[in-house]
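Here the structure is laid out as structure tokens; the discussion comes afterwards.
Ligands are counted one by one from 1 in listed order, and the atoms in each one are counted from 1 as well. The structure displayed is predicted, hence computed values, not measured ones.
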Amino acid sequence: MVHEEIISYIESNIKPRSELLAEMEMYAEENNVPIMELVGIEALLQLLRIQQPKNILEVGTAIGYSALRMAEILPQTKIVTIERDEERYQKAESYLSQSHHRDQVVTLFGDALELEKTVEKEGPFDAIFIDAAKGQYQKFFDLYSPMLTEHGVIYSDNVLFKGLVAQEEVEQKRMRQMVKKLQNYNRWLMEHEDYDTAILPVGDGIAISRKRGGSK
Ligand code: SAH
Ligand code: MG
């Protein structure tokens, strides 16, 4: 992946976050919550500033860090976010309540693969952000992409999985399966007829898939 030195250099130039966000970053670090990497989230936020989605679906809230950051930069935008881990869901609730953006975010507790009906009522979405169980990306994509508006964008995080997807041999068996699934997802996504996709090697790898409309 990108050289550590370069990442540190970019990070050193990123504006400091609010006290609440800094606290969330620290909590994530201490409790091994895989929130987006700083350079990765900054890149995603910039893409969202350009895209200006009015309604975003996020699969994988964790403690609400990315949801809050998206809410902050797009104050008119609604964010619907799903988390299946109860402790993290509660933590997200608590952090969001301490922010000025509670009303912008709809938090849903449960497995994203089972919440289709509930989510549908909140849609359609101009952007979908997939940042949950890596082995199930294609399922999330298939389930929620019908709720995307014309020329909507699907952002998938962690598609390079620390660079492992580019390695020929992966030692650990469990890892190997995960890597295979992500490789398959990436290939499937790049070949998808209805989307134009680019993979950016920023953070842990972000795939950006824009839906082709009738006019392309
Ligand atoms: N987007 C967050 C980080 C999400 S980490 C941020 O950057 O701040 C991924 C989260 O997805 C984990 O908390 C995990 O519990 C959740 N998750 C994984 N599979 C899920 C599923 N099928 N349904 C709902 N949540 C899921
Ligand atoms: Mg992620």
Glu93 and Thr107: side chain donor to acceptor below 3.5 Å: yes
Winner among Gly60, Gly110, Ala132, Ala67 once heavy atoms are compared against atom 24 (C) of ligand 1: Gly110
Pair Glu58, Ser66: side-chain N/O donor-acceptor within cut-off below 3.5 Å: yes
Residue pair Arg69, Glu42: steps toward the side-chain contact (heavy atoms from CB on, under 4.5 Å) verdict: CA-CA 9 Å; Arg69 296 223 51 193; Glu42 293 291 335; 3.0 Å; yes
From Glu23 atom CD to Ser18 atom OG, the distance as rounded to the nearest 0.5 Å: 9.5 Å
Geometric cation-pi criterion, Lys91 with Tyr95: 6.0 Å, 45°: yes
Nearest protein heavy atom with distance in Å, relative to atom 3 (C) of ligand 1: Asp131 OD2, 3.3 Å
Ligand-side contact atoms (ligand 1) for residue partner Ile35, heavy atom cut-off under 4.0 Å: 3 (C), 6 (C), 7 (O), 8 (O)
Atom 6 (C) of ligand 1: the protein heavy-atom neighbour that sits closest, reported with distance to 0.1 Å: Ser66 OG, 3.0 Å
Under 2.8 Å from the Mg ion (ligand 2) - protein N/O/S, by chain and number: Asp131 OD1, Asp157 OD2, Asn158 OD1
Asp85 and Tyr89: CA distance, side-chain angles, deciding distance, side-chain contact (heavy atoms from CB on, under 4.5 Å) verdict: CA-CA 6 Å; Asp85 179 282; Tyr89 171 79; over 6 Å; no
Atom indices of ligand 1 within 4.0 angstrom of Pro34 heavy atoms, with elements: 3 (C), 5 (S)
Residue portion contacting ligand 1 (non-hydrogen atoms closer than 4.0 Å) for Arg84: both
Basic-acidic side-chain contact under 4.0 Å: Arg176, Glu171: no
From the candidates Gly40, Gly135, Ala112, the one that places a heavy atom nearest atom 23 (N) of ligand 1: Ala112
Nearest-neighbour protein heavy atom for atom 15 (O) of ligand 1, which is reported as residue plus atom name and distance: Glu83 OE2, 2.5 Å
Shortest protein contact, atom 12 (C) of ligand 1 (heavy atom only): Arg88 NH1, 3.2 Å
Check: Tyr155/Ser209 side-chain N/O donor and acceptor closer than 3.5 Å: no
Atoms of ligand 1, numbered as shown, that sit under 4.0 Å from any heavy atom of Asp85: 15 (O)
Contacting atoms of ligand 1, where contact means under 4.0 angstrom from a heavy atom of Tyr65: 8 (O)
Atom 18 (C) of ligand 1 - nearest protein heavy atom and its distance: Ala133 N, 3.2 Å
Aromatic ring pairing His192/Tyr195, orientation class (parallel under 30°, perpendicular over 60°, tilted between): perpendicular
Worked verdict on Thr81 versus Leu108 for side-chain contact (heavy atoms from CB on, under 4.5 Å): CA-CA 6 Å; Thr81 181; Leu108 300 175; over 6 Å; no
Spacing of NZ belonging to Lys134 relative to CG belonging to Asn158, to within rounding of 0.5 Å: 4.5 Å
Atoms of ligand 1 close to Phe140 [distance to a heavy atom under 4.0 angstrom, numbered from 1]: 22 (N)
Residues that Asn184 engages under side-chain hydrogen bond (donor to acceptor under 3.5 Å, both in side chains), provided they are two or more places apart: none
Shortest protein contact, atom 22 (N) of ligand 1 (heavy atom only): Asp111 OD1, 3.0 Å
Parallel, tilted or perpendicular: ring planes of Trp188 versus Phe141, cut at 30 and 60 degrees: perpendicular
Atom 7 (O) of ligand 1: nearest protein contact (heavy atom, Å): Met36 N, 2.9 Å
Within-shell test, Glu58 vs ligand 1, heavy atom, strictly < 4.0 Å: yes
Thr61 contact mode with ligand 1 (heavy-atom cut-off under 4.0 Å): backbone
Greater than 12 external heavy atoms within 6.0 Å of Lys139's NZ: no
